[in-house]
Amino acid sequence: MAHTPQAKYRKDYRSPSHTISEIDLTFDLHETQTQVTAVSNVKQLGTSDQLVLDGEGLELKSILVDGTAWENYQTVEGGLEIRALPKSFELTIVTVINPQENTALEGLYMSDGAFCTQCEAEGFRRITYYLDRPDVLAKYTTTVIAEKATFPYLLGNGNKISQGEMDGGRHWVKWEDPHPKPAYLFALVAGDFDVLTDKYQTRSGREVDLEIFVDKGNLDRANHAMVSLINSMKWDEERFGLEYDLDIYMIVAVDFFNMGAMENKGLNVFNSKFVLANDKTATDTDYLGIEAVIGHEYFHNWTGNRVTCRDWFQLSLKEGLTVFRDQEFSSDLGSRAVNRINNVRIIRGPQFAEDASPMSHPIRPEKVIEMNNFYTLTVYEKGSEVIRMMHTLLGEEKFQKGIKLYFERHDGTAATCEDFVAAMEDASGVDLKQFRLWYSQSGTPELDVTSHFDEANQSFSLTIKQQTPATLDQEEKQALHIPFDVELYRKDGSVIELRCNGKNVSNVLDVTESEQTFVFEAVDEKPIPSLLREFSAPVKMQYAYQDDELVFLMTNASNDFARWDAGQMLFAKYIRSNVEQVQQGGAVALPENVVDSLRGILLSKTLEPAFIAEMITLPSHNEVSGWYDVVDVDAIALVLKELKSILSTELEDELLAIYHNLKQEKYSIDHASIGKRSLRNKCLGYLALTEQGNALVEAQYQVANNMTDTIDAMAAANQAQLACREQLLQDYSDKWAHDGLVMDKWFTLQGSNPAENALDVIKQTMSHSAFSMKNPNRTRSLIGSFLNMNPVRFHNKDGSGYRFAGDVLKELNTSNPQVASRLLDPLLKYRKYDEARQALIRKELESLKELDNLAKDLFEKVSKALES
Ligand code: B3K
Ligand code: ZN
C-alpha cells in the first residue's frame, strides 16, 4: 500500500467548523468531462477562518470567494484547505469529473448510457469539494444541463422550478428541494426512460405525483413497484401517522448499482432488481423483495431524511429503525409469522456469523476506516432487533408516543442513537438505562436456561444465565437488559397464567443480571415452557428440551413462531448428533417420532401453506456452521442432504399429495397464492430426491406459467443433480440470454451448483454473453453465490475455490472496491476451518494485503482478519 489508511473514532466527533445554509449546483453533463459549479453560502461557526472541504478524484478549475478569485488555498490528500476566509461568504467552486470512467459506482457515474449518482455514505466528495458529513444540512437547488436527444429526462431532488432550451441541442432543468439535507441525500439522473405515472392523495388531502422511470421497453414491469409505493404511503400514514412532504416522488431503476436502493430526497435511485417485475420475469421472492425495498426507501423519508444522522457512527439510528418499519410493513400486509421466521433466519445465520468474525462491531460502531464497510447485517438487522426489543418492552402505544416525541424534538436535524432512546424513555416512562448497552456492546449473547418444578409448592422456576463471549473488537462484556418472552403450557395445551409474588405478571421477563431466577406460583402441573417467544432478543438460547416437549410445542404452542422454533430446535438436535455420527464413520438416521411430527404438520388442515413450508425447511448450511467453533463443511453438507433424503422417502406420499393438491390453474401474486406455491415447490425440492424426481421436475418446468415455478424446478434439478438439469438450464439460457436481470437467477444456480466440476463451469460461465464483472448484480449472482451458497465446492480442500476468489477480488479491487469488499466476507471467517484450509485462505488474504493499490474497503477487512 502507498500509505496506511487512517481510522476514525466515534469518540472524536467534533461539530462542524462552518455551516452551509444553501448550495446551488450546476451540472454541465458530458460523458467524460462533466463540469460542476457549486455556489454555497458558508458561515463560520467556531474560531477558525480556515475551511477544510472533502474531495476525491476531482479536477479543480477555480475557487471564488464572494465572486472574486481566491488564491489562498491548497489541495491536500482527500480534500481542499481554504484559508483566511471571512466570517460569512459565498463560495464558488468549479470542478470537472469523468462519469464514464467511474466504475466504482460512487459519485456521478454512467449506468447503461444514463447519468446517475450515489452519494451515501461519502460519494458527494467525488462530485465537488464540500463538507461531506451528515450533520451539515443545506437547501439545494440543482440545474442539470445535457444534450436533449440522448437525455430527455433531467431529474433532481425536490420540485421542478424551471426549464429551457439551449444552443447545440442541449436543454436544462432546474430543481429546488425545500427541505435542508445532508450531501449524502443529493441525487441527479439524466437519461431516456419509459415512465409509469400515478397520483397519491395524502391523508391531509395533498396530491403527490408518483413517477417510476425504467429503461425503455420495461414499462410492463413497473406496476408492482407502483402498487408497493402506494401501499407504503398509506401504511406509514395509518401505522405511524407520517405523511409525505413533497409534491412529487420519483424512483429511477438502474442496472448498475452497488446495493439495493437509495433514499435520496424525492428521487430514489433503485437497483432495477428491486423495481422490475412481471409474471414472466419475476419470482415471488422478487415481488416480496420489491415491496420490502420500495417500503424501506419510502420510510426513510421520515426516518433518515427528515431526521438524519449526526455522524456515520449513528447509522443504525436510521437503518435499524427503517428496517424495523419495513419488516412491520411486510408483516402487516402479508404473513407476520413467515416474515418473522425469515428475519430470524438472517440474524441466526449471517448476523451471528458476522459477530463471530473479525468484522464484529456493535450496532453503533466505535471505529471505522471505510464507512461503506459498515452497512452491515449488524447495523441493519441487529439494529432492527434492538428497535424491536424496545417495541416489546414499551408496547405499540408507548412506542408510537416515543416516535412522536422523537420527531417533535429532532425533525429537520441530525440526531444520535442516544436521542432516539431518550425520546422512547421520556415518552414511555420505561427505564432504558441498562438497555442502552445494546448500542455499544458487540457480539452474540448466550443464554443458558434451566428449570425446576416443585410439585409440593406448585411452583415452577426458570433460571436464566447470560454471558456474551469476547469478540475481536471488544474483550469485556456486561450483562444486558434482555426482554425474554415466555409462556407455560399444561399437557392438555391450556396456558398457565404467569404469577409471581402473588401477582399476575407479563409474558415478557426483564432479564438484567448475569444469573436470575424467576419463580412462578400456582403452577398445577409440570409445565412445558415456550421460551424466547417471537425471538424476543437477538441471542443464542440453550435449554435441555426433551423431544416430546418440542413435538408438543410444534403442534400446540399458541403462536406460530414458537411452533416453528420448536421444530428448528428438534432439527438442530438431530443435525448435531448426526454430524458427530458421520465424523465417527456412522450413517445418518432420524427417529420415527421426528418424521411423524413433520407428517402431522404436513397433514394439518388448519396451518397456512406458507407456514408449513417454513416448518419443513431445515436450517441452512451457513446457520449450522455457526454452531461450531471448527466447521466440518463436508460432514454438515452430508447430514443436511441425507436428512432431506430420509424425509423425502418417509413422507413421499404426503409430499406428493400436497404437490398435486396445491396446483393452481391461474397465476396470481396475492399472499395466499404465494404461500401455496411456496409449499408446493418446497415439496418438489424433497420429491426431487425420490425416484420420480426427474419426471416431476421436468414436467413442472415445461408447464410452468410463472417464473417461481420455473426457477424452483431448475433449483430442484440443480440441488438433486437430476438428469434433466442440463437441458432445463440450457433452455432457460436460450430464452433469456438477452436479459441480465432474468439471467441472474440462472447465474445463481450455476454459482450454487453442487456438482464436482462446478468451479470449471463457473469459469466458463464468466464468458456467457449476459455476464459482466462490471455489473454488480451479475457478479453477486454468479460469484457471490459460489462463495456464500456452495460450501462444499468453495471450501474444496485443494484450495481452488479460494484461489478463484482471490483472483476475482484482485480484479474488483481496482474496478469496484465496494462490491469486492462484500464478496470478501466469507474469506474473513477462515479461523473457523481446519488448519489446512486456514493456511490456504490466509495465503489469499496475504496476497491481497500486498497489493500496491489495495482499496481501503479491502484494507480494513483484510488487516483485521490477519491481525486476529
Ligand atoms: N441508505 C442506503 C444504503 C447506502 C449504502 C452505501 N454504501 C440504502 C438503504 O439502506 O436504504
Ligand atoms: Zn436504509
Side-chain angles (χ1 to χ4, degrees), residues 344 347-348 352 355 385 388-389 392-393 430-435 437-438 441 443-470 476-491 494-554 556-559 561-563 565-566 568-570 572-573 576 627:
V344 171
I347 296 283
R348 284 188 179 153
F352 283 177
D355 280 342
E385 292 300 315
R388 185 171 296 282
M389 285 190 283
T392 303
L393 290 168
V430 175
D431 180 355
L432 296 171
K433 190 159 176 288
Q434 185 184 359
F435 184 83
L437 206 54
W438 283 103
Q441 186 161 293
T444 310
E446 295 180 358
L447 301 191
D448 188 22
V449 184
T450 51
S451 67
H452 175 72
F453 178 58
D454 182 340
E455 191 153 22
N457 286 314
Q458 303 239 305
S459 74
F460 180 73
S461 61
L462 278 178
T463 298
I464 304 175
K465 290 187 197 166
Q466 63 159 305
Q467 58 105 13
T468 305
E476 300 294 321
K477 305 287 181 185
Q478 288 160 260
L480 292 152
H481 180 179
I482 296 172
F484 190 85
D485 192 336
V486 295
E487 194 158 58
L488 304 181
Y489 292 99
R490 292 187 192 86
K491 305 236 161 10
S494 60
V495 174
I496 302 172
E497 272 195 355
L498 299 185
R499 288 180 69 79
C500 288
N501 303 320
K503 279 187 297 207
N504 280 8
V505 295
S506 132
N507 284 96
V508 181
L509 310 178
D510 288 295
V511 174
T512 54
E513 289 157 36
S514 51
E515 179 170 345
Q516 223 167 330
T517 298
F518 299 85
V519 183
F520 302 103
E521 299 142 7
V523 179
D524 47 19
E525 65 174 63
K526 184 170 182 236
I528 297 154
S530 173
L531 304 170
L532 198 70
R533 294 185 339 137
E534 287 294 325
F535 195 62
S536 58
V539 301
K540 290 185 180 168
M541 186 197 65
Q542 189 55 45
Y543 178 78
Y545 275 117
Q546 300 299 310
D547 281 11
D548 59 343
E549 292 177 309
L550 291 174
V551 172
F552 171 91
L553 290 172
M554 278 169 78
N556 294 294
S558 64
N559 128 324
F561 180 84
R563 301 172 79 151
D565 208 16
Q568 293 292 298
M569 286 189 257
L570 193 59
K573 243 176 133 166
R576 281 178 197 276
W627 305 342

Short side-chain to backbone donor-acceptor contact, E534 and D485, under 3.5 Å: no
E385 side chain to I347 backbone, donor-acceptor under 3.5 Å: no
Heavy-atom donor-acceptor pair, E497 side chain to N504 backbone, under 3.5 Å: no
Under 3.5 Å: donor-acceptor pair, side chain of E515, backbone of Q466: no
D565 bridged to R348 by N-O distance under 4.0 Å: yes
Backbone of S558 reached by a side-chain donor or acceptor of Y489 within 3.5 Å: yes
Criterion side chain to side chain contact (heavy atoms under 4.5 Å, CB included) on S451 and Y543, from CA distance to verdict: CA-CA 9 Å; S451 67; Y543 178 78; 2.8 Å; yes
Separation between NZ of K540 and OG1 of T468, rounded to the nearest 0.5 Å: 11.0 Å
Any donor-acceptor N/O pair, Q458 side chain to D454 backbone, under 3.5 Å: no
Donor on one side chain, acceptor on other, T463 and T517, under 3.5 Å: yes
Evaluation steps, side chain to side chain contact (heavy atoms under 4.5 Å, CB included), between V344 and F561: CA-CA 10 Å; V344 171; F561 180 84; 3.6 Å; yes
Residues E455, K526: salt bridge by 4.0 Å N-O rule: no
Smallest separation among heavy atoms of V523 and F520, with atom names: CG2-O, 3.6 Å
Parallel, tilted or perpendicular, as decided by the 30° and 60° cut-offs, for the rings of F435 and W438: tilted
Any donor-acceptor N/O pair, Q542 side chain to L447 backbone, under 3.5 Å: no
N/O donor-acceptor pair under 3.5 Å between N507 side chain and V486 backbone: yes
